Number of protein chains: 2
Amino acid sequence: MNEIKVEPYIPDEDYDNPAMVVDFYEFTMANCLFLHGFKNTTLVFDMFFRKNPDNQGYSISAGQRKLTRFLLDYHFNEQDIHWLRTKGMSEEFCEYLRTYKWKGDMYALPEGTVCYPHVQMVRIECDLVGAILIETYLLQTMNFHSLIATKATRVTGLNTHTPRNVMEFGTRRAQGESAGNDGAYAAVLGGCIGTANCLAEMKFGAEVKAVGTVAHSFIEFFPTEFDAFKAFADTYPDSVSLLLDTYNIMESGLPNLIKLDDYLIEKYPNDPNRRVKSARIDSGDLARGSKRLRKALDAAGKPYIKLVASNGLDEKKIANMELYEHAHFDSYGVGENLITSASDPVFGGVYKLVAVKKPDGSYTPKMKCSDSASKAIIPGKKMPWRLYDENGQAQCDLIAMDGEVIEAGKPVTMVNLDSDAIERTITFIPTAVRPLLVPHILGGELAIELPSIAEKKAYIAKQLTEETWESELRLECPHKHYVNMTPAVAECRSRMYAELHGGKV
Amino acid sequence: MNEIKVEPYIPDEDYDNPAMVVDFYEFTMANCLFLHGFKNTTLVFDMFFRKNPDNQGYSISAGQRKLTRFLLDYHFNEQDIHWLRTKGMSEEFCEYLRTYKWKGDMYALPEGTVCYPHVQMVRIECDLVGAILIETYLLQTMNFHSLIATKATRVTGLNTHTPRNVMEFGTRRAQGESAGNDGAYAAVLGGCIGTANCLAEMKFGAEVKAVGTVAHSFIEFFPTEFDAFKAFADTYPDSVSLLLDTYNIMESGLPNLIKLDDYLIEKYPNDPNRRVKSARIDSGDLARGSKRLRKALDAAGKPYIKLVASNGLDEKKIANMELYEHAHFDSYGVGENLITSASDPVFGGVYKLVAVKKPDGSYTPKMKCSDSASKAIIPGKKMPWRLYDENGQAQCDLIAMDGEVIEAGKPVTMVNLDSDAIERTITFIPTAVRPLLVPHILGGELAIELPSIAEKKAYIAKQLTEETWESELRLECPHKHYVNMTPAVAECRSRMYAELHGGKV
């Protein structure tokens with residue numbers, strides 16, 4: 001490495017280039033391998049995860065759209081090159097990065113695919129530098145989107161076949177600005193009907209609709225609660241939704257709401273759209289509140305006023321209110337517990353080298369064994385398939401070597417990945433099959449028409465409603481989705497583990 | 001409101017303006033109040049929180065630097081105005097926002113201040129629109145920075161007087177790009193010695209140093225583990241830090257490391273800096289690994305090779321290894337559990353209207369009562385003070401009305417905020433006092449010289465080491481810091497609660 005004297009780099013808090021969302025070790029490694037002459041070597045990496053959040057039976061894969069955009073626009077700026085020189089990277093490597101374009105292949109599950117541990121979400125094949133340096137951004141993006149999309153399917157009740165109207169209200173507790181924006185997007189994929197976050201709608205469009213009415217401060221601002229209600233209704237007569245718990249729900253909020261609706265009836269006798277649309281409560285005993293309010297509003301001849309709940313809600317609190325207390329809310333605002341997936345805030349996706357391309361075009365499988373057998377990976381350039389039973393439901397996933405063909409209607413022999421399985425080798429005749437990874441980028445060029453948000457939302461709902469075993473959706477001790485290997489994959493993995501580490505896997 | 005026909009807004013995923021990180025209800029409210037003629041009314045809002053993360057006895061307040069920068073640069077772009085028109089905001093309001101400058105006052109705890117529930121972190125006084133529309137960004141920023149800075153003080157052992165070297169390695173599991181960047185900054189404030197994240201160093205400078213060596217994929221890439229070690233050492237002879245657990249720590253990683261160090265001794269006999277500096281393990285039984293490795297390296301005459309651990313660590317796992325197993329690592333890489341504060345990933349700061357300025361310059365206190373007494377707030381424009389005992393330790397915080405003066409060396413009568421306290425009214429003679437909120441922005445202009453990262457880091461360490469009661473730092477059932485009100489504040493709160501809600505608080 002040539003030592004080069006460089007001007008000090010001046011930090012700039014406003015600077016941004018997502019290509020620099022890199023763990024420094026990636027630069028250290030890439031520079032070293034570059035200097036050792038491997039820059040044209042093609043590597044294959046798998047991104048996968050080891051555990052569904054909250055010990056549930058499935059996850060939703062998301063982030064592909066953002067990752068695709070990132071790779072298509074991948075580049076380094078002069079500022080990056082300057083900084084890298086101050087960090088001891090070689091001049092040759094810096095020069096190479098200066099004009100570097102990402103020319104690899106990205107295969108991935110279509111965004112919104114129901115997915116399972118150990119089955120790849122993304123497969124990257126690229127020259128050495130472009131394969132190594134994207135690790136952190138790829139993981140950050142896929143992990144966070146998948147985390148929130150998965151949680152959202154549970155909060156919106158898609159997994160329990162109890163769909164409900166949920167608005168994503170967590171921006172203020174999101175872990176930073178991009179979490180608030182991308183989290184709103186992922187929450188909508190997972191079934192939410194809107195978000196509080198204006199910037200999210202500006203970015204992603206009307207599918208990620210920004211909604212909201214008033215906070216307590218608005219009510220407090222006026223001399224009386226009714227003055228506040230009336231001011232709101234005078235400004236927005238077509239969308240009157242108010243908050244009842246600023247002072248006292250039953251003694252103050254409710255009578256003022258009824259009075260306001262009567263005022264609207266008198267003011268707009270012939271315009272039934274100009275009525276109170278909904279009332280929200282954000283404190284106290286929500287379940288009891290819903291019943292008392294519903295009864296009082298119905299008794300006042302106002303069954304059309306809908307009820308909205310918020311205040312630290314999550315899927316368990318909502319389900320308990322609905323199931324055991326027969327509370328009825330027409331919609332829910334869910335904040336911090338959704339936008340951070342607070343019950344399990346980490347989606348542990350990893351990105352592992354699985355093969356190196358040889359000059360003859362074939363691949364040398366690679367394997368990290370590690371001292372935890374559960375962290376030992378599945379070597380080789382592979383393609384996962386999903387095998388469907390006669391009901392159109394996913395029976396299992398099957399990890400095959402790339403190029404192996406799995407055919408519907410024919411017996412398929414498979415080795416269960418779970419070393420605890422009693423029958424490790426099984427045969428199954430699938431009614432239908434599909435290869436799970438779809439090319440998103442080929443040779444650096446976009447290779448897919450990315451679906452709309454509405455299409456992805458429908459895709460998720462369809463899979464959970466029609467294609468996933470009930471037993472995998474169970475909340476406690478769900479069935480562990482069968483993940484199998486073809487004999488070729490299993491043989492390669494066993495052989496390499498024995499060679500590299502000693503022992504069986 | 002005039003209905004205006006506007007061109008459809010075209011969403012743009014790359015668009016960003018932090019001023020649009022707004023819950024839509026803030027626009028709805030502000031537009032309504034604007035149309036009702038209140039645009040020149042000055043409001044006072046408090047930002048505070050109700051509970052320390054993880055039921056600990058303290059929190060660290062952070063985010064002030066970023067919030068200050070945000071308010072100084074606060075503006076709306078044409079794109080924002082266009083979008084707001086499509087969302088039904090009035091033409092007059094949109095016109096007002098087009099040239100709006102933020103001219104308010106921001107008082108805040110200095111960044112890094114140890115803080116407690118119910119005591120304000122930030123006090124905003126501003127015209128109506130500028131007070132209302134900043135809520136979401138203010139909360140998001142303060143909440144996330146405070147969350148991570150607080151967690152970091154525990155992971156680095158500052159709270160247990162067992163300081164240790166911790167590197168923030170969580171970028172790949174951070175909840176989005178800004179979480180990775182700001183999280184690295186906050187982790188360093190809380191005591192970390194570096195981060196994996198390159199972009200964080202580019203933004204915040206060398207105090208947020210990007211560090212890292214190699215991943216398993218680097219080792220796998222080479223025909224043998226030793227080939228990989230040697231390639232690394234040939235490129236970076238001055239900073240040889242390697243990873244031992246790619247294949248088998250004791251059977252392969254360790255002997256290859258010793259062989260490499262011998263190779264360096266032979267190659268650079270007279271350069272003691274060119275030796276193996278450290279070895280990291282990332283799987284298996286870390287505590288046992290540390291002992292076996294330490295013993296073997298010492299026996300091989302290499303006591304200078306330091307040991308680094310990573311793999312799902314957090315403050316509890318580290319403390320348990322150190323305390324009960326006498327494991328010794330020289331440093332730790334801590335990932336997802338720090339960058340997401342996984343054990344409690346939500347910092348629940350809120351932003352509440354507390355006063356409205358009257359034309360005569362005095363303030364009308366405002367109060368949200370709500371149906372949960374614990375959510376009832378402390379009305380009025382206030383200043384919190386910290387009262388110190390004769391040992392220089394913080395005895396209590398005292399929330400006073402703005403303008404009340406608390407003097408050292410004189411008896412101070414206070415009312416405990418905790419309604420469970422046996423003695424609600426107490427008198428104490430503080431040895432020293434300080435008003436906690438410091439002006440950061442006055443009339444829209446910067447009013448503080450923001451301290452450096454090193455200064456803030458030292459400030460946090462000093463408070464936890466010297467100024468905080470041991471009993472508040474206790475991990476289980478810590479002493480609840482005394483938070484008191486002056487009689488004037490207590491009287492105002494009781495009177496308003498009785499008037500507005502009925503009952504006592």
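Chain letters run A, B, ... following the sequence lines, proteins first and then strands; every chain starts at 1. In this text, all values refer to a predicted model and were calculated from it rather than measured experimentally.
Annotation for F218(A) and C32(B): closest pair CZ-SG, 3.7 Å, computed over non-hydrogen atoms.
The six-membered or imidazole ring of F221(A) lies near that of F38(B), with a centre-to-centre distance under 6.0 Å.
Heavy-atom distances place both the backbone and the side chain of T171(A) under 4.5 Å from chain B. For E26(A), the part sitting under 4.5 Å from any heavy atom of chain B is the side chain, from C-beta outward, and nothing else. Residue contact with chain A, scored on non-hydrogen atoms closer than 4.5 Å, involves the side chain of Y9(B) exclusively. Using a 4.5 Å cut-off between heavy atoms, L138(A) makes no contact with chain B at all. With a 4.5 Å cut-off on non-hydrogen atoms, T86(A) does not touch chain B at all. For a residue to count as touching a neighbouring chain, one of its non-hydrogen atoms must lie under 4.5 Å from one of that chain's; by this rule F144(A) touches chain B with the side chain only. Only the backbone of N17(A) comes within contact range of chain B, with at least one heavy atom under 4.5 Å from a heavy atom of that chain. With a threshold of 4.5 angstrom between heavy atoms, Y351(A) does not approach chain B through any atom at all. For a residue to count as touching a neighbouring chain, one of its non-hydrogen atoms must lie under 4.5 Å from one of that chain's; by this rule I339(A) touches chain B with the backbone only. Proximity to chain A (any heavy atom under 4.5 Å) is shown, for N197(B), by both the backbone and the side chain. Heavy atoms closer than 4.5 Å to chain B are found nowhere in Y185(A), neither backbone nor side chain.
The main-chain N or O of Q175(A) is never found under 3.5 Å from a side-chain atom of Q140(B) such that the two would form a donor-acceptor pair. In this structure, S178(A) contributes its side chain and E177(B) its backbone to a donor-acceptor pair below 3.5 Å. The backbone N or O of G88(A) lies less than 3.5 Å from no partner atom in the side chain of Y236(B), so there is not a single donor-acceptor pair.
For K203(A) and D12(B), the salt-bridge test fails: no basic side-chain N is under 4.0 Å from an acidic carboxylate O. Of the charged side-chain nitrogens involved, at least one lies within less than 4.0 Å of a carboxylate oxygen, so that D14(B) and R69(A) count as a salt-bridged pair.
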Notebook entry, point to check: Step by step, would you call M29(A) with S217(B) a side chain to side chain contact (heavy atoms under 4.5 Å, CB included)?
Noted result: CA-CA 9 Å; M29(A) 292 189 282; S217(B) 60; 4.2 Å; yes
Notebook entry, point to check: Do L199(A) and V22(B) pass the side chain to side chain contact (heavy atoms under 4.5 Å, CB included) test, and can you show the C-alpha distance, the side-chain angles, and the key distance before you say yes or no?
Noted result: CA-CA 7 Å; L199(A) 188 54; V22(B) 174; over 6 Å; no
Next item on the list: Evaluate the side chain to side chain contact (heavy atoms under 4.5 Å, CB included) criterion for residues T235(B) and H36(A): first the C-alpha distance (whole Å), next the side-chain angles of each, then the deciding distance (0.1 Å), finally the verdict.
Entry: CA-CA 9 Å; T235(B) 303; H36(A) 280 78; 3.2 Å; yes
Next item on the list: Start with the C-alpha distance between D80(B) and M202(A), add both sets of side-chain angles, then the distance that settles side chain to side chain contact (heavy atoms under 4.5 Å, CB included), and finish with yes or no.
Entry: CA-CA 8 Å; D80(B) 307 320; M202(A) 292 187 74; 3.4 Å; yes
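Side-chain contact between E201(A) and K87(B): present, with at least one pair of heavy atoms (C-beta onward) separated by less than 4.5 Å. No side-chain heavy atom of L353(A) sits less than 4.5 Å from a side-chain heavy atom of H216(B).
Looking only at heavy-atom pairs under 4.5 Å with chain B, the residue among T136(A), V354(A), V356(A) that has the most is T136(A). Contact tally against chain B (heavy-atom pairs below 4.5 Å) for R173(A), E336(A), E135(A), E225(A): the top residue is R173(A).
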